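Before I ask anything, let me first share the structure, which is written out below as structure tokens.
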Number of protein chains: 2
Amino acid sequence: MARTKRFDEEEVLNNAMLFFWHKGYNGTSPQEILDELGLSRSSLYDTYGDKRSLFISTLKRYRDTVTGDVIRLLETADNIPEAIKSLFQQSRNSCFSGEEKNGCFMVNSKVELALHDEEVAAIVKENREALENAFTNAIKRGQEKGQLSKDNQPRALARFIMNNLWGLTVHSKSGADKKVFDDIIRMTLSVIK
Amino acid sequence: MARTKRFDEEEVLNNAMLFFWHKGYNGTSPQEILDELGLSRSSLYDTYGDKRSLFISTLKRYRDTVTGDVIRLLETADNIPEAIKSLFQQSRNSCFSGEEKNGCFMVNSKVELALHDEEVAAIVKENREALENAFTNAIKRGQEKGQLSKDNQPRALARFIMNNLWGLTVHSKSGADKKVFDDIIRMTLSVIK
DNA sequence: ATATTTGTGGAACAAAAGTTCCGTTATCAT
DNA sequence: ATGATAACGGAACTTTTGTTCCACAAATAT
């Protein structure tokens with residue numbers, strides 16, 4: 001009965017996510033998003049609520065897409081050590097091919113906001129737990145299949161892996177070169193046997 | 001010949017650092033600093049320049065104090081494995097005793113700004129390199145003293161250690177509990193032999 | 001004591017940020 | 001076609017941000 005939206009709701013949300021991902025919450029103004037995406041102010045506020053609501057929606061989108069993909073990879077992988085290795089390679093490559101030095105949106109957001117926004121804190125906490133569980137279960141499967149030694153406790157190893165993946169996202173903003181990444185990845189993977 | 005400042009220049013700089021550390025660059029307004037520190041607007045601008053200059057000064061102060069202390073510890077430590085272990089314990093404790101969940105000011109700043117401010121990028125890069133060198137030299141000494149095995153290349157081990165320390169600063173914003181920290185630290189230290 | 005110099009308090013301001021509101025426009029069910 | 005509904009464009013507004021400016025105050029060298 002009413003006019004249809006002139007923009008794609010998911011596409012705008014995705015682009016807004018890229019803004020917040022790249023420049024942070026406090027570093028991004030509604031105006032910038034409007035200028036770039038070309039939709040009208042009223043449409044933005046009508047559809048997504050205020051700036052903070054929009055931000056929360058983009059963070060949830062990240063959880064459902066990027067984090068979701070990692071979890072699904074871990075759930076379906078046949079070769080667990082290879083799957084873990086490929087996550088590290090992916091992290092490394094994203095820092096040196098193209099413009100993808102944005103790091104991880106979850107990491108960026110928790111560093112900027114977790115101390116000051118309870119809802120953000122809850123999302124990143126849940127995100128961490130979901131990832132930890134996915135890694136833990138994958139490691140258990142790997143151990144049962146004989147792909148990984150049973151010397152390490154699955155959950156402890158999962159936490160250790162995540163710590164190094166997050167460390168790499170910090171390294172991506174630190175001006176470190178490829179050799180730094182290679183050293184870290186080699187040392188981390190040496191533990192995963 | 002002229003009037004003396006009514007405030008302590010170093011003390012105000014230190015307090016401004018705490019603000020930026022806690023709330024980030026874009027999350028902190030000059031007004032907040034003025035309200036809290038009680039000096040006048042003109043004094044602030046006269047002494048430290050604009051907001052960005054003030055921020056850069058606080059970042060350099062952090063480098064000279066906090067990072068400097070770590071480097072000096074590594075340079076003077078007799079027992080290298082113990083020194084490294086104590087850095088991890090320090091990181092762990094600061095997340096659970098008192099209000100120190102601010103993480104590392106360098107890490108926070110590079111995540112927020114390194115992509116958008118060349119001077120910040122240069123400072124955090126230099127900071128990373130100085131720390132890496134300090135760890136590397138300490139590890140070499142530890143190996144020469146027979147405190148550490150020579151299986152690992154000193155620089156690679158240094159990078160790996162830093163990656164895990166930075167990972168912990170991210171974990172401090174992720175709602176992780178003590179057990180998570182303990183697992184990560186135990187696994188990391190198991191590599192340092 | 002005075003001149004010189006620098007610090008201080010606070011008014012003032014331009015620009016940006018974040019949001020609301022409303023008249024107009026497009027869509028579609030009837 | 002028409003009317004109900006929702007989207008759009010953009011004016012407008014309130015705060016906040018970041019900064020400058022200037023009259024006045026205090027310290028000190030002479």
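As the structure is a prediction and not an experimental result, all values here were calculated from the model. A, B, ... follow the sequence lines: proteins, then strands. Residue 1 opens every chain.
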B/Lys5 NZ to C/dT6 C1', in whole Å, measures 8 Å
Neighbour count above 12 (heavy atom, 6.0 Å) for B/Lys5 NZ = yes
B/Asp46 CG to D/dA25 P, in whole Å, measures 18 Å
Ring pair (Phe, Tyr, Trp, His ring centres under 6.0 Å) with A/Phe55: of A/Tyr62, A/Trp21, A/Tyr48, A/Phe20, only one passes, and it is A/Phe20
Whole-Å distance, A/Phe55 CZ to C/dA17 C1', equals 17 Å
With distance as the sole criterion, do the side chain of B/Arg41 and the base of D/dT19 form a donor-acceptor contact below 3.5 Å? yes
Counting the atoms with a prime plus P, OP1 and OP2 as sugar-phosphate, which does B/Ser40 contact under 4.0 Å by heavy atoms, base, sugar-phosphate, or nothing? base
Note to self: Counting only heavy atoms not in A/Lys179 (residues, nucleotides, ligands), do more than 12 fall under 6.0 Å from its NZ?
What the structure shows: no
Do the side chain of B/Ser42 and the base of C/dG9 come within less than 3.5 angstrom through a donor-acceptor pair of N or O atoms?
yes
Across all chains, not counting sequence neighbours, the ring pair (Phe, Tyr, Trp, His ring centres under 6.0 Å) partners of A/Phe88 are none
- OP1 or OP2 of C/dA17 less than 4.0 angstrom from a side-chain nitrogen or oxygen of A/Ser29, does that happen here? yes
Comparing nearest nucleotides in DNA chain D, the 5'-proximal residue of the pair A/Phe7, B/Arg6 is A/Phe7
Taken to the nearest whole Å, CG/A/Asn26 to P/D/dG18 is 10 Å
Expected list for residues 30-39 of chain A near DNA chain D, using heavy atoms below 4.0 Å, is none
In whole angstroms, the gap separating P of D/dT20 from CG of B/Leu44 amounts to 12 Å
Rounded to whole Å, CZ of A/Arg52 lies from C1' of C/dT19 at a distance of 16 Å
The nucleotide from C/dG18, D/dC8, C/dG7 with an atom nearest the side chain of A/Lys51 is C/dG18
### Query
Under 4.0 Å between a side-chain N or O of B/Ser43 and OP1 or OP2 of C/dT8?
yes
Here the distance between atom P of D/dT2 and atom CZ of A/Arg3, to the nearest Å, is 20 Å
Atom OH of B/Tyr48 and atom C1' of D/dT19 are separated, to the nearest Å, by 17 Å
From the candidates C/dT5, C/dT27, C/dG18, the one with an atom nearest any side-chain atom of A/Tyr45 is C/dG18
Would you indicate what A/Asp50 reaches in the nucleic acid, counting non-hydrogen atoms under 4.0 angstrom: base, sugar-phosphate, or nothing? sugar-phosphate
Check: In terms of heavy-atom contacts, does CD of A/Gln153 have more than 12 from other residues, nucleotides or ligands at under 6.0 Å?
Finding: no
Going by distance alone, is a donor N or O of one side chain under 3.5 Å from an acceptor N or O of the other, for B/Ser53 and B/Asp50?
yes
- Query: Taking NZ, NE, NH1 and NH2 as the nitrogens, is one of them in A/Glu129 or A/Lys125 under 4.0 Å from a carboxylate oxygen of the other?
  - Reply: yes
